[in-house]
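Atoms considered below: every heavy atom in the structure, side chains included; atoms not considered: hydrogens, waters and symmetry mates. Throughout, numbering of the chain's residues begins at 1 and tracks the sequence.
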Amino acid sequence: MTLQRITEFDKKTLLTFFKPLEFTIAVEALLNGTSEGALWIDDPTLPTIALLWDFADGVYLVSKEYSEPLCKTIQKLFQDQIIPDAEKRSKSPVFVIYTSSDKWNKSIISFFTSKWTIKPEVACFFERPLTLSDPMKSSESLPAPFMGHPMDSKLFKNSDLKHILDLQEEIESDWGSLEKFLTRGYGYCVIDENTNSLASWAIIGNIARSCAELGIDTVEEYWRKGLATHVANQTISLSYKKNLTPHWYCFQNNTTSVKLAEKVGFQKIQEFLVYVIEKKE
């Protein structure tokens, strides 16, 4: 069996096929073309196996059957295309594997040599329904020396801003380019005016089916100052204004992220076993 990489397909057919993984909006964002990625499939009209990779860490595989020939086909795809491409994109590539059956989980992790670490994780998915109130109606203002700033072109013209390249790298990983993010995405950040440094930021990484997936990062020296809560609330508010339901994704053992999600009003909708595969340095 061979898999072909395709760019043109019937979206409805593929959305139905990937239904076992529909809880993650990343799949639909990839199929919509709002997020960057690659699709391999055996038959675009009557698929029995398909694999999506988002050019970062997300790998999504759905199959109607499992067999040794299929397993070897997927192994060759990883060895000949996905892993070499990932190593070009990052010095320390990471894959988070989502599959439609545990048999595929076990097979995929067997493809990787001792140069990689393999760890099972429980991925948690949250959403904040539009029926809840806009958090910015009751949010407190930022104390000095912090200043809030939307993610716009003006922000990225400030090349002297500390950590701006880290933010841009994260955006390009999700969206493919800064230009695409500024056109289709949005987010919010907090700047320390005393040091001209980004302190915390929230960006939308995926948009699909009237939902927007939120990602947050805070520079370590600014932890426990309430900044992550502030950028989360601002970005939730922006989502509400766009009539998009905010989504949140993290691993169960990341208790800080889970607590923050719950603090700003997210409700857990799904848990799913994944495998995190990371190349050793």
Plane angle bin for Phe78 and Phe111 - parallel if under 30°, tilted between 30 and 60°, otherwise perpendicular: tilted

Please say which of Lys268, His247, Gln267 ends up in a side chain to side chain contact (heavy atoms under 4.5 Å, CB included) with Phe126. Lys268

Report the C-alpha distance between Glu121 and Gln252 in whole Å, list the side-chain angles of each, state the deciding distance to 0.1 Å, and finish with yes or no for side chain to side chain donor-acceptor pair (under 3.5 Å). CA-CA 7 Å; Glu121 294 278 8; Gln252 188 179 63; over 6 Å; no

Do you reckon Val59 sits in the same ILVMFWY cluster as Val27, going by side-chain contacts under 4.5 Å, direct or chained? no

Please set out all donor-acceptor pairs under 3.5 angstrom arising from side-chain atoms of residues 208-221, sequence neighbours excluded.
residue, atom, partner, partner atom, Å
Arg209, NH1, Glu22, O, 3.3
Arg209, NH1, Glu28, OE1, 3.3
Arg209, NH2, Glu22, O, 2.5
Glu213, OE1, Asn206, ND2, 2.9
Thr218, OG1, Ser200, OG, 2.8

Under-4.0 Å salt bridge between Glu87 and Lys279: yes

Quick one: are the ring centres of Phe272 and Phe125 less than 6.0 Å apart? no

Hydrophobic cluster membership, with links at side-chain heavy-atom distances under 4.5 Å among I/L/V/M/F/W/Y: are Met151 and Ile204 in one? yes

Identify whether the distance between the nearest side-chain nitrogen and carboxylate oxygen of Asp192 and Lys162 falls below 4.0 Å. no

For a 4.5 angstrom cut-off between non-hydrogen side-chain atoms, does Lys11 reach Asn32? yes

Is there a chain of hydrophobic side chains (I, L, V, M, F, W, Y, each step under 4.5 Å between heavy atoms) that links Leu15 to Leu21? yes

Any side-chain heavy atom of Thr48 within less than 4.5 Å of one from Ser63? no

Heavy atoms only: give me the nearest Leu273-Asp102 pair and the separation to one decimal. CD2-OD1, 4.4 Å

May I ask you to test the Ile109-Trp116 pair for a side-chain heavy-atom distance under 4.5 Å? no

Test log, rule side-chain contact (heavy atoms from CB on, under 4.5 Å), inputs Asp54 and Asp57: CA-CA 7 Å; Asp54 65 7; Asp57 58 5; 3.8 Å; yes

How about Glu169: does its CD atom have over 12 heavy atoms from other parts shown lying under 6.0 Å from it? no

With sequence neighbours left out, what residues match Phe55 under ring pair (Phe, Tyr, Trp, His ring centres under 6.0 Å)? Trp53

If you draw a 6.0 Å radius around NZ in Lys280, do more than 12 non-hydrogen atoms from other residues or ligands fall strictly inside? yes

Looking at side-chain heavy atoms only, is the closest gap between Arg128 and Pro135 below 4.5 Å? yes

Roughly how far, to the nearest 0.5 Å, is the SG atom of Cys71 from the OH atom of Tyr66? 4.0 Å

Over all atoms of both residues, closest heavy-atom pair of Thr99 and Ile97: CG2-CG2, 3.6 Å

Considering all heavy atoms of both residues, which atom of Ile41 and which atom of Pro47 are nearest to each other, and what is their separation? CD1-CB, 3.5 Å

Are Trp40 and Phe17 connected, step by step, through hydrophobic side chains (Ile, Leu, Val, Met, Phe, Trp, Tyr) whose heavy atoms are closer than 4.5 Å? no

With hydrophobic residues grouped by side-chain heavy-atom distances under 4.5 Å, do Val231 and Leu167 end up in a single group? yes

Is any side-chain heavy atom of Asp85 closer than 4.5 Å to a side-chain heavy atom of Gln81? no

Could you go through the side-chain contact (heavy atoms from CB on, under 4.5 Å) check for Thr45 and Thr13 one step at a time? CA-CA 7 Å; Thr45 56; Thr13 298; over 6 Å; no

With a 4.5 Å heavy-atom cut-off, do Gln75 and Gln79 have their side chains touching? yes

Check whether any side-chain heavy atom of Tyr188 lies under 4.5 Å from a side-chain heavy atom of Tyr186, and answer yes or no. no

Side chains of Leu260 and Thr229: does their closest heavy-atom pair fall under 4.5 Å? yes

Walk me through it: do Val274 and Val122 pass the test side-chain contact (heavy atoms from CB on, under 4.5 Å)? CA-CA 6 Å; Val274 299; Val122 175; over 6 Å; no

Ignoring hydrogens and geometry, is there a side-chain-to-backbone donor-acceptor pair from Ser197 to Ala199 under 3.5 Å? no

Before you tell me yes or no, could you show the steps for Lys241 and Ser237 under side chain to side chain donor-acceptor pair (under 3.5 Å), namely the whole-Å CA-CA distance, both residues' side-chain angles and the distance that decides it to 0.1 Å? CA-CA 6 Å; Lys241 288 178 174 64; Ser237 183; 2.9 Å; yes

Aromatic plane relationship, Phe181 with Trp175 - under 30° parallel, 30 to 60° tilted, over 60° perpendicular: perpendicular

Evaluate side-chain contact (heavy atoms from CB on, under 4.5 Å) for Ile236 paired with Tyr240, printing each intermediate quantity in order. CA-CA 6 Å; Ile236 290 167; Tyr240 275 31; 3.8 Å; yes

Heavy-atom nearest pair, Trp248 first then Val264, reads CZ3-CG2, 4.4 Å

Tell me whether the centres of the aromatic rings in Phe95 and Tyr275 are closer together than 6.0 Å. no

Considering all heavy atoms, the nearest Gly265-Leu132 contact: O-CD1, 3.4 Å

Heavy atoms only: give me the nearest Asp166-Trp201 pair and the separation to one decimal. CB-CH2, 4.5 Å

